[in-house]
*Asks:* 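The structure's right below; bear with me while I get my questions together.
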Amino acid sequence: MQKNYDRLYVLFVYYFNVERDYFECHEVMEELWLEEGRNILYQGLLQVAVGLYHYRNGNTGGAVKLLSAALEKLDPQPDEALGIDLRGLREESRTYLNKLAGLPEKPFAFYDLTIRVLDPLLAEQVEAFRLDPPAGHED
C-alpha cells in the first residue's frame with residue numbers, strides 16, 4: 001500500500017464518499033490528473049464521478065458516455081490500486097451503466113456509488129476531512 005496520498009486524491013475520495021459532491025470530485029481530480037501527467041487511472045475515476053453528476057442532473061446521455069469511457073480506462077487496471085477497491089467500483093459502475101441502458105422503459109432513481117477504501121491510511125486521511133471539512137481546495 002502507498003504511504004502518502006496526494007491531498008487532491010484524498011479530497012476526491014472525501015467528496016465522492018462523504019459529501020457526494022461529484023462536481024467537486026471533478027474539480028480536484030482534474031487538477032491532480034493534469035499535475036500527474038494525465039494518469040489514465042485518475043481519468044477513469046474522474047469520469048465515474050462526472051457520469052454520476054450527469055445522471056443526478058438528468059443528463060442520461062452524458063452519464064452513459066462518461067461511465068462507458070470510465071470503464072474503458074478502469075477495466076485494464078488492477079483490482080486494487082491507490083488504496084481503493086477498483087474491482088468493486090468497476091462492477092458497480094457497470095451495473096449503473098446497464099441500468100442506464102434500460103431507460104426509459106425501466107426507470108430508476110439516482111443513487112450514489114461508494115468507493116471502498118482498503119488502505120487504513122487513506123481511510124484515516126478521508127476521515128480527517130470529514131471531521132474538519134475543507135473550505136474548498138486551494139492547491
Side-chain angles (χ1 to χ4, degrees):
M1 298 273 176
Q2 204 165 323
K3 291 221 187 292
N4 293 310
Y5 291 96
D6 189 289
R7 180 174 185 275
L8 292 170
Y9 176 67
V10 178
L11 280 169
F12 170 82
V13 177
Y14 165 77
Y15 285 126
F16 197 100
N17 282 354
V18 179
E19 293 294 324
R20 305 300 188 182
D21 185 338
Y22 301 115
F23 182 80
E24 265 318 300
C25 284
H26 168 265
E27 293 293 300
V28 296
M29 186 55 88
E30 184 173 57
E31 190 174 329
L32 180 59
W33 178 67
L34 291 170
E35 282 179 12
E36 295 295 319
R38 300 174 187 255
N39 180 312
I40 293 291
L41 177 51
Y42 289 152
Q43 188 179 23
L45 292 172
L46 176 128
Q47 289 175 327
V48 170
V50 175
L52 293 172
Y53 176 80
H54 281 314
Y55 189 57
R56 178 185 275 164
N57 289 295
N59 179 357
T60 303
V64 167
K65 181 179 174 184
L66 269 292
L67 287 172
S68 297
L71 285 167
E72 284 178 21
K73 291 168 185 72
L74 296 178
D75 278 342
Q77 301 296 326
D79 287 347
E80 297 178 13
L82 296 172
I84 62 172
D85 176 11
L86 269 180
R87 180 174 174 257
L89 183 62
R90 285 193 304 259
E91 288 172 359
E92 288 185 30
S93 297
R94 189 164 282 106
T95 297
Y96 221 103
L97 191 57
N98 289 337
K99 287 182 177 188
L100 290 169
L103 294 175
E105 294 80 19
K106 296 180 183 173
F108 70 100
F110 171 85
Y111 63 92
D112 295 302
L113 296 183
T114 297
I115 296 172
R116 192 163 75 91
V117 175
L118 302 173
D119 184 350
L121 176 63
L122 178 57
E124 182 181 303
Q125 292 175 348
V126 170
E127 178 65 5
F129 280 128
R130 190 187 70 74
L131 295 173
D132 185 16
H137 75 284
E138 314 77 47
D139 295 356

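Remember, predicted model here, so these are calculated numbers, not experimental data. Residue indices begin at 1 and follow the sequence shown.
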*Asks:* Between R56 (side chain) and Y111 (backbone), is there a donor-acceptor pair under 3.5 Å?
*Replies:* no
*Asks:* Step by step, would you call V18 with F129 a side chain to side chain contact (heavy atoms under 4.5 Å, CB included)?
*Replies:* CA-CA 9 Å; V18 179; F129 280 128; over 6 Å; no
*Asks:* Report yes or no: does N57 contribute a side-chain atom to a donor-acceptor pair with the main-chain N or O of N59 at less than 3.5 Å?
*Replies:* no
*Asks:* Do L8 and I40 belong to the same hydrophobic cluster, where Ile, Leu, Val, Met, Phe, Trp and Tyr are linked whenever their side-chain heavy atoms lie under 4.5 Å apart, directly or via other members?
*Replies:* no
*Asks:* Who pairs with Y9 by ring pair (Phe, Tyr, Trp, His ring centres under 6.0 Å), at least two apart in sequence or on another chain?
*Replies:* Y5
*Asks:* Is there a donor-acceptor pair under 3.5 Å between the side chain of R90 and the backbone N or O of L74?
*Replies:* yes
*Asks:* List the steps and the verdict of side chain to side chain contact (heavy atoms under 4.5 Å, CB included) for R94 and D75.
*Replies:* CA-CA 10 Å; R94 189 164 282 106; D75 278 342; 2.7 Å; yes
*Asks:* Side chains of L89 and R116: closer than 4.5 Å at any heavy-atom pair?
*Replies:* no
*Asks:* Could you verify whether a donor N or O on one side chain and an acceptor N or O on the other, from D112 and Y22, lie under 3.5 Å apart?
*Replies:* yes
*Asks:* Could you grab the distance from atom CG of D79 to atom CD of E91, nearest 0.5 Å is fine?
*Replies:* 8.0 Å
*Asks:* Show the numbers, then the answer: is there a side chain to side chain contact (heavy atoms under 4.5 Å, CB included) between L46 and Y42?
*Replies:* CA-CA 6 Å; L46 176 128; Y42 289 152; over 6 Å; no
*Asks:* If we check side-chain contact (heavy atoms from CB on, under 4.5 Å) with F16, which of these qualifies: L52, V126, L45?
*Replies:* L52
*Asks:* Are any of the side-chain nitrogens in R130 or E127 under 4.0 Å away from the carboxylate oxygens of its partner?
*Replies:* yes
*Asks:* Between Y96 and F108, is the ring-ring contact (aromatic ring centres under 6.0 Å, His included) condition met? List the steps.
*Replies:* CA-CA 10 Å; Y96 221 103; F108 70 100; 5.5 Å; yes
*Asks:* Within the side chain of N17, is there an N or O that forms a donor-acceptor pair under 3.5 Å with the backbone of I115?
*Replies:* yes
*Asks:* Give a yes or no on whether K65 atom NZ has more than 12 heavy-atom contacts from other residues, nucleotides or ligands under 6.0 Å away.
*Replies:* no
*Asks:* More than 12 non-hydrogen atoms from neighbouring residues, nucleotides or ligands closer than 6.0 Å to CZ on R87, yes or no?
*Replies:* no
*Asks:* Is any side-chain heavy atom of I84 closer than 4.5 Å to a side-chain heavy atom of L118?
*Replies:* no
